[in-house]
Amino acid sequence: MSNGSDSVNREIHLASRPEGWPTADNFRLVTTEVPTPGPGQVVVRNQFMSVDPYMRGRMNDVKSYVPPFALDAPLDGGAIGEVVAGEAAGVKPGDVVLHGLGWREYALVDATAVRKVDAGLAPVSAYLSVLGMTGLTAYAGLLDVAVMKPGETVFVSGAAGAVGSMVGQIAKLRGAGRVIGSAGSRAKVERLAALGFDAAFDYHDGPVYEQLKAAAPDGVDVYFDNVGGEHLEAAIGAMNLHGRAAICGMIAQYNSAEPPAAPRNLALVIGKRLTLRGFLVGDHGHLREQFVQEVAGWLREGRLSYDETVVDGIEQAPDAFLGLLRGENLGKMLVRL
């Protein structure tokens with residue numbers, strides 16, 4: 001939603017570092033002036049921004065693969081919008097661009113750090129979900145990291161989320177023999193069935209290991225992990241010889257003040273010759289063109305569906321993020337600015 005003014009910019013700053021679960025008090029809405037572009041810069045009026053589980057880790061002041069968010073400064077993350085000021089090589093006002101400075105209504109971005117998108121290929125929000133980092137994470141993790149082969153059994157945790165729901169559908173489209181998903185509610189389990197998952201279960205209904213064993217009586221060849229914890233332990237127990245796990249996220253422990261117990265059955269990795277491989281989507285940019293073309297084709301043909309949960313207004317971004325951590329989203333959680 002527009003703030004109704006061409007001179008006022010609103011941003012969400014990190015006011016304090018969360019201990020355990022974040023709260024609204026960790027965020028602050030700050031009003032500033034719309035920035036003025038310098039040489040090689042453009043100003044983007046953001047239309048949509050993404051909130052993602054990985055952002056929780058960046059709120060901690062710890063060494064990680066990406067620097068922590070600074071206190072009393074805007075957070076950042078994926079966003080898409082229209083260039084409204086500034087011109088640089090290959091970028092001009094009116095272009096729709098993808099960039100990394102979300103959590104604000106207007107972003108001052110180096111022109112080299114934006115990527116023009118084809119607004120005619122799909123709704124622009126899709127570039128933050130099915131055709132963006134979310135979709136590429138699913139595509140690369142399943143095909144490049146876990147190297148799924150046709151006929152294999154695939155298990156996805158957090159399967160009704162933005163990444164998980166894509167993993168399951170891509171697995172089916174690429175010839176998986178059986179696709180199983182876990183989710184956190186009856187409605188989400190029903191959604192997975194509608195998306196073509198062969199089996200799905202609510203992890204609140206009983207031990208994950210027992211439900212997975214019932215859903216995958218012949219074992220699991222590929223596990224796409226968004227959750228960690230009990231799910232990872234169950235997957236290790238269910239995996240077949242030479243099974244592969246793509247470790248994407250561990251949302252089950254992001255808000256824990258205490259370190260979690262490791263899977264208690266890690267020794268099975270040896271006898272089963274399992275591969276457990278962590279990955280970051282940034283390492284798989286070489287797949288982007290192939291990914292966009294293949295997925296856009298599936299979208300055009302109506303063979304792939306995606307869900308978005310859209311919250312309106314920059315001031316609602318913290319609530320959207322907290323809702324994401326509580327599992328209130330179906331598919332990708334976005335904020336419309």
Side-chain angles (χ1 to χ4, degrees), residues 21-22 48-57 77-78 125-142 145-146 154-173 179-197 199-205 208 211-212 215 222-232 234-235 245-255 278-281 291 295 304-311 317 319-335:
W21 280 88
F48 288 90
M49 59 164 270
S50 173
V51 291
D52 302 283
Y54 80 86
M55 294 174 175
R56 175 62 187 86
S125 61
Y127 285 98
L128 291 174
S129 57
V130 63
L131 291 177
M133 182 180 78
T134 303
L136 184 57
T137 299
Y139 189 91
L142 181 69
V145 178
V154 177
F155 172 45
V156 189
S157 59
V163 172
S165 57
M166 287 281 294
V167 173
Q169 292 181 86
I170 293 170
K172 294 296 289 184
L173 288 162
V179 176
I180 300 150
S182 75
S185 73
R186 176 54 43 195
K188 289 181 178 182
V189 168
E190 289 172 2
R191 179 60 181 151
L192 295 180
L195 290 175
F197 281 68
F201 59 85
D202 182 343
Y203 60 81
H204 295 109
D205 286 349
V208 175
Q211 296 197 75
L212 179 58
V222 167
Y223 172 46
F224 195 104
D225 191 12
N226 290 306
V227 176
E230 185 189 358
H231 278 81
L232 179 56
I247 313 293
C248 177
M250 295 199 175
I251 197 168
Q253 66 193 57
Y254 287 167
N255 297 301
F279 76 100
L280 298 175
V281 66
F291 149 73
V295 173
L304 187 140
S305 302
Y306 66 101
D307 295 310
E308 293 177 341
T309 301
V310 179
V311 174
D319 281 346
F321 175 70
L322 299 177
L324 171 79
L325 294 181
R326 290 190 293 262
E328 292 172 4
N329 56 304
L330 188 62
K332 180 71 177 176
M333 181 73 95
L334 295 171
V335 180

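Computed from heavy atoms alone, side chains included, the values below leave out hydrogens, waters and symmetry copies. Residues: numbered from 1 along the sequence shown.
- Contacts of Ala199 classified as side chain to side chain contact (heavy atoms under 4.5 Å, CB included), with partners at least two apart in sequence or in another chain: Arg178, Ile180, Ala215.
- Scanning all heavy atoms of the two residues, the minimum distance from Val51 to Leu324 falls at O-CD2, 3.6 Å.
- Closest approach of Lys188 to Ala160, counting heavy atoms only: CB-CB, 3.7 Å.
- Evaluation of the salt bridge (Lys or Arg N to Asp or Glu O under 4.0 Å) rule for Glu328 yields Arg326 as partners, not counting sequence neighbours.
- Ring orientation note: the planes of Tyr203 and His231 are nearly perpendicular, at an angle over 60° on the 30°/60° scale.
- Contacts of Ser165 classified as side chain to side chain contact (heavy atoms under 4.5 Å, CB included), with partners at least two apart in sequence or in another chain: Leu195.
- Of all non-hydrogen atoms in Arg191 and Leu330, the two that sit nearest each other are CG-CD1, 4.1 Å.
- Here the closest heavy-atom approach between residue Leu192 and residue Ala183 is recorded as CD1-CB, 4.1 Å.
- To the nearest 0.5 Å, atom CG of residue Leu334 and atom CZ of residue Phe48 are 7.0 Å apart.
- With rounding to the nearest 0.5 angstrom, the CG atom of Asp307 is 10.0 Å from the CG atom of Asn329.
- Shown here are the side chain to side chain donor-acceptor pair (under 3.5 Å) partners of Asp202, two or more places apart in sequence or in another chain: His204.
- Looking at Asp319 and Val311, their side chains never come closer than 4.5 Å, going by heavy atoms from C-beta outward.
- A distance-only check finds no donor-acceptor pair linking the side chain of Ser182 to the backbone of Phe201 [under 3.5 Å].
- Heavy-atom minimum distance, Met49 versus Ala317: CE-CB, 3.9 Å.
- Asp205 is linked by a salt bridge (Lys or Arg N to Asp or Glu O under 4.0 Å) to Arg186, counting only residues two or more places apart in sequence or in another chain.
- Listed by chain and residue number, Ser157, Asp225 satisfy the side chain to side chain donor-acceptor pair (under 3.5 Å) test with Tyr223 (two or more places apart in sequence, or in another chain).
- Counting only heavy atoms from C-beta outward, the side chains of Phe321 and Arg56 approach each other to under 4.5 Å.
- Across all non-hydrogen atoms, the minimal contact from Gly168 to Val179 is CA-CG1, 3.8 Å.
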Query raised in the report: Stepwise, does the side-chain contact (heavy atoms from CB on, under 4.5 Å) test hold for Leu142 with Met166?
Result: CA-CA 10 Å; Leu142 181 69; Met166 287 281 294; over 6 Å; no
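- Take Asp52 and apply the side chain to side chain contact (heavy atoms under 4.5 Å, CB included) test, not counting sequence neighbours, and it matches Ser50, Tyr54, Met55, Met133, Lys332.
- Contacts of Phe291 classified as ring-ring contact (aromatic ring centres under 6.0 Å, His included), with partners at least two apart in sequence or in another chain: Tyr139.
- Under the side chain to side chain contact (heavy atoms under 4.5 Å, CB included) criterion, Ala246 pairs with Val145, Ala146, Phe224, Phe279, sequence neighbours left out.
- With sequence neighbours left out, Ser125 forms a side chain to side chain donor-acceptor pair (under 3.5 Å) with Glu308.
- For the atom pair CD1 of Ile247 and CG of Leu232, the computed distance is 5.0 Å after rounding to the nearest 0.5 Å.
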